[in-house]
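Down below is the structure, laid out as structure tokens.
The basis for the numbers below is simple: all heavy atoms, side chains too, and nothing from hydrogens, waters or symmetry mates. Index from 1, following the sequence.
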Amino acid sequence: MKNIGCMLLAVFAITFAAFAGSLYTGADLYYLVRNMVLCSCASLAAVFTFQAGRISGRFLYDDGEYPGRFIIIYLCGILCALVFTQLPVTGWMFLFFYVALARVSDSVTGICAGTSLLVLTTVLCEQISLSTFLVYLLSGMIGIALFAGQKDEFYTMIPLGLSLGSQLLMIFAGELLIQNKKLLWEEALVPIANTVMNGILLYLFLQYYINKVAKKTDNLYLMLNDPEYTVMAKMREEEKDTYYRALHTAYLVERIASELGLDVRSAKCAAYYGYLPEERLSEIPFPEPVSSLLAELKAGGNHLKKKEAVIVRICHRVIREIQTANGSDKKGKTDYEKLITDLFGRQYSMERLADTDITLSDLRYIQKRLLEEKMYYEFMM
């Protein structure tokens, strides 16, 4: 309902803005209807592409789950589009809205939403040339293209400089030179101020988005995988044996998962918290991949599917068996090779793991890697 409400609000807001703006400019009935239809149809295209991206999972982050991000920027864009009707055409700052709307959705939605704002300003202004419309449409498309696809690594300054530079160049070529047939520096102040303000707004927005949205999951993993995190510290105070067992398990899981090219962060997190009871797990804000692994580990048996879950389960069992063996015979020397080999033969043969994603080569590598950690097991004593 929240998502539907946000989308309906977007269409209603721009349609009402077109209606109010048309009345303010004194447009007759025919132009009023035209303006409302053009703006509402452009907004409907943006709404449709947003919903398509959300349902298909095309968004890079969790923006589909928080449509409020999109609607807030869009509503601000509508207000600014109305204000732009009172500014010189060289002072319109649509580049920011194109890039910002694309960042909180996807490229197609950003183009549709940004263009709907541009349409609103264009239909409310008299004698706007095709050149003006193309300048801001093309600059918005270039800005979206330069920032599109940035997920794991973010490069802000070069795309920002190129997008601002291209807009400034098109304003000079498409507006100032066409109007005056020569470059007048006193008329260049508005587009330069436009470029500076776009740059400041885009930089601030992108930094906020990267820290609060794009790297939110990264920060969550850093917090959860910290042995000094509140939950881990409490485990150390109340259940010291379980705490150290979790640390040893996470060490083995991290090394094996990284060498097999798997999701190391999620596997390590599952290794840390896999010992906790389900009622305590429900209180911790795990990322979805970790929650999925923990659900498989708690269900056990035929519910194990992912490679990471299998590795965590094997390392759990190996650490538990080694700690038991070391504790029962502190003066003797545990035969770690025999212990691990027997464990794989009894519990983790390929036949027993046939329903999981693990392969025979993966299983052989896991066993080989665990056998190579003999010095670490002696340190555990």
Side-chain angles (χ1 to χ4, degrees), residues 221-222 224-227 232 235 241-276 278 281 286-329 332-381:
Y221 273 113
L222 286 174
L224 292 171
N225 285 336
D226 183 358
M232 295 297 292
M235 187 193 300
D241 291 341
T242 302
Y243 172 78
Y244 286 109
R245 187 179 300 164
L247 289 185
H248 297 318
T249 302
Y251 166 80
L252 296 178
V253 167
E254 182 177 18
R255 302 200 63 166
I256 294 172
S258 62
E259 291 167 6
L260 289 177
L262 303 178
D263 186 353
V264 180
R265 300 186 304 176
S266 299
K268 184 178 179 181
C269 193
Y272 272 137
Y273 300 98
Y275 291 100
L276 293 177
E278 292 189 26
L281 292 177
F286 292 115
E288 192 282 329
V290 179
S291 299
S292 178
L293 289 178
L294 290 171
E296 290 188 17
L297 290 168
K298 291 301 180 182
N302 295 330
H303 292 87
L304 285 180
K305 298 296 181 184
K306 295 183 178 65
K307 291 183 180 183
E308 291 87 351
V310 174
I311 293 172
V312 173
R313 172 55 60 86
I314 292 174
C315 293
H316 271 181
R317 187 62 183 272
V318 167
I319 293 297
R320 185 182 293 111
E321 293 287 337
I322 290 175
Q323 284 185 328
T324 301
N326 289 343
S328 61
D329 188 10
K333 190 173 183 181
T334 304
D335 189 344
Y336 301 114
E337 183 174 350
K338 182 177 184 303
L339 186 152
I340 294 172
T341 303
D342 290 346
L343 182 62
F344 271 78
R346 295 193 317 270
Q347 299 290 331
Y348 301 115
S349 62
M350 197 61 221
E351 291 76 13
R352 288 179 174 270
L353 300 175
D355 294 333
T356 69
D357 296 336
I358 211 79
T359 64
L360 180 59
S361 60
D362 291 335
L363 192 61
R364 287 174 176 171
Y365 183 83
I366 295 169
Q367 182 175 357
K368 173 178 173 292
R369 196 67 186 78
L370 288 172
L371 291 172
E372 292 175 352
E373 293 291 339
K374 181 179 177 180
M375 292 184 64
Y376 183 76
Y377 304 142
E378 292 175 350
F379 165 76
M380 285 170 52
M381 297 179 64

Checklist line | Partners passing ring pair (Phe, Tyr, Trp, His ring centres under 6.0 Å) against Phe286 (at least two apart in sequence or in another chain) | finding: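 Partners of Phe286 by the ring pair (Phe, Tyr, Trp, His ring centres under 6.0 Å) criterion, ordered by chain and then number, come out as Tyr273.
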* Asked: Listed by chain and number, what are the ring pair (Phe, Tyr, Trp, His ring centres under 6.0 Å) partners of Tyr251, not counting sequence neighbours?
  ->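 Checked Tyr251 against ring pair (Phe, Tyr, Trp, His ring centres under 6.0 Å); matches are Tyr376.
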Heavy-atom pair with the smallest gap, counting every atom of [X] and [Y]:
{"X": "Lys298", "Y": "Gly274", "answer": "NZ-O, 3.0 Å"}
{"X": "Ala271", "Y": "His316", "answer": "O-NE2, 3.6 Å"}
{"X": "Leu297", "Y": "Ala309", "answer": "CD2-O, 3.4 Å"}
{"X": "Tyr244", "Y": "Gln323", "answer": "C-NE2, 4.4 Å"}
{"X": "Tyr275", "Y": "Ala246", "answer": "CE1-CA, 3.7 Å"}

| Looking only at atom types and distance, does a side-chain atom of Lys374 sit under 3.5 Å from a main-chain N or O of Asp335, one as donor and one as acceptor? |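 Judged by distance alone, no pair lies under 3.5 Å.
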- Query: Are any side-chain N or O atoms of Glu308 and backbone N or O atoms of Ala257, one a donor and one an acceptor, separated by less than 3.5 Å?
  - Reply: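 Checking the backbone N and O of Ala257 against the side chain of Glu308, no donor-acceptor pair under 3.5 Å is found.
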With a cut-off of 3.5 Å and sequence neighbours excluded, list every side-chain donor-acceptor pair involving residues 259-267.
| unit_1 | atom_1 | unit_2 | atom_2 | d |
| --- | --- | --- | --- | --- |
| Glu259 | OE1 | Tyr365 | OH | 2.3 |
| Glu259 | OE1 | Arg369 | NE | 2.8 |
| Glu259 | OE2 | Arg369 | NE | 3.2 |
| Glu259 | OE2 | Arg369 | NH2 | 3.4 |
| Asp263 | OD1 | Ser266 | N | 3.3 |
| Asp263 | OD1 | Ser266 | OG | 3.4 |
| Asp263 | OD2 | Ser266 | OG | 2.7 |
| Arg265 | NH1 | Asp218 | OD1 | 2.5 |
| Ser266 | OG | Tyr221 | OH | 2.6 |

Can you tell me how far apart [atom1] ([X]) and [atom2] ([Y]) are? Round to the nearest 0.5 Å.
{"X": "Lys268", "Y": "Leu252", "atom1": "NZ", "atom2": "CG", "result": "12.0 Å"}
{"X": "Asp241", "Y": "Arg320", "atom1": "CG", "atom2": "CZ", "result": "12.0 Å"}
{"X": "Gln367", "Y": "Glu337", "atom1": "CD", "atom2": "CD", "result": "9.0 Å"}
{"X": "Leu276", "Y": "Leu294", "atom1": "CG", "atom2": "CG", "result": "9.0 Å"}
{"X": "Ile319", "Y": "Glu373", "atom1": "CD1", "atom2": "CD", "result": "9.0 Å"}
{"X": "Leu363", "Y": "Ile314", "atom1": "CG", "atom2": "CD1", "result": "5.5 Å"}

With [X] via side-chain hydrogen bond (donor to acceptor under 3.5 Å, both in side chains) - residues at least two apart:
{"X": "Asp342", "value": "Lys338"}
{"X": "Glu321", "value": "Arg317"}
{"X": "Ser349", "value": "Glu351"}

message = Is it the case that over 12 heavy atoms from other parts of the model lie below 6.0 angstrom from the CD atom of Glu278?
response = no
Determine whether [X] and [Y] make a side-chain contact, defined as any pair of heavy atoms from C-beta on separated by less than 4.5 Å.
{"X": "Ile366", "Y": "Tyr348", "result": "no"}
{"X": "His248", "Y": "Ile322", "result": "no"}
{"X": "Leu293", "Y": "Val312", "result": "no"}
{"X": "Leu224", "Y": "Val290", "result": "no"}

Apply side chain to side chain contact (heavy atoms under 4.5 Å, CB included) to the pair Asp226 and Met232, showing each step before the final yes or no.
CA-CA 8 Å; Asp226 183 358; Met232 295 297 292; over 6 Å; no
Check the pair Leu370 / Ile256 against side chain to side chain contact (heavy atoms under 4.5 Å, CB included), numbers first and verdict last. CA-CA 8 Å; Leu370 288 172; Ile256 294 172; 3.9 Å; yes
Exactly one of Lys307, Lys306, Lys305 clears salt bridge (charged side-chain N to carboxylate O under 4.0 Å, His left out) with Glu296, and that residue is Lys306
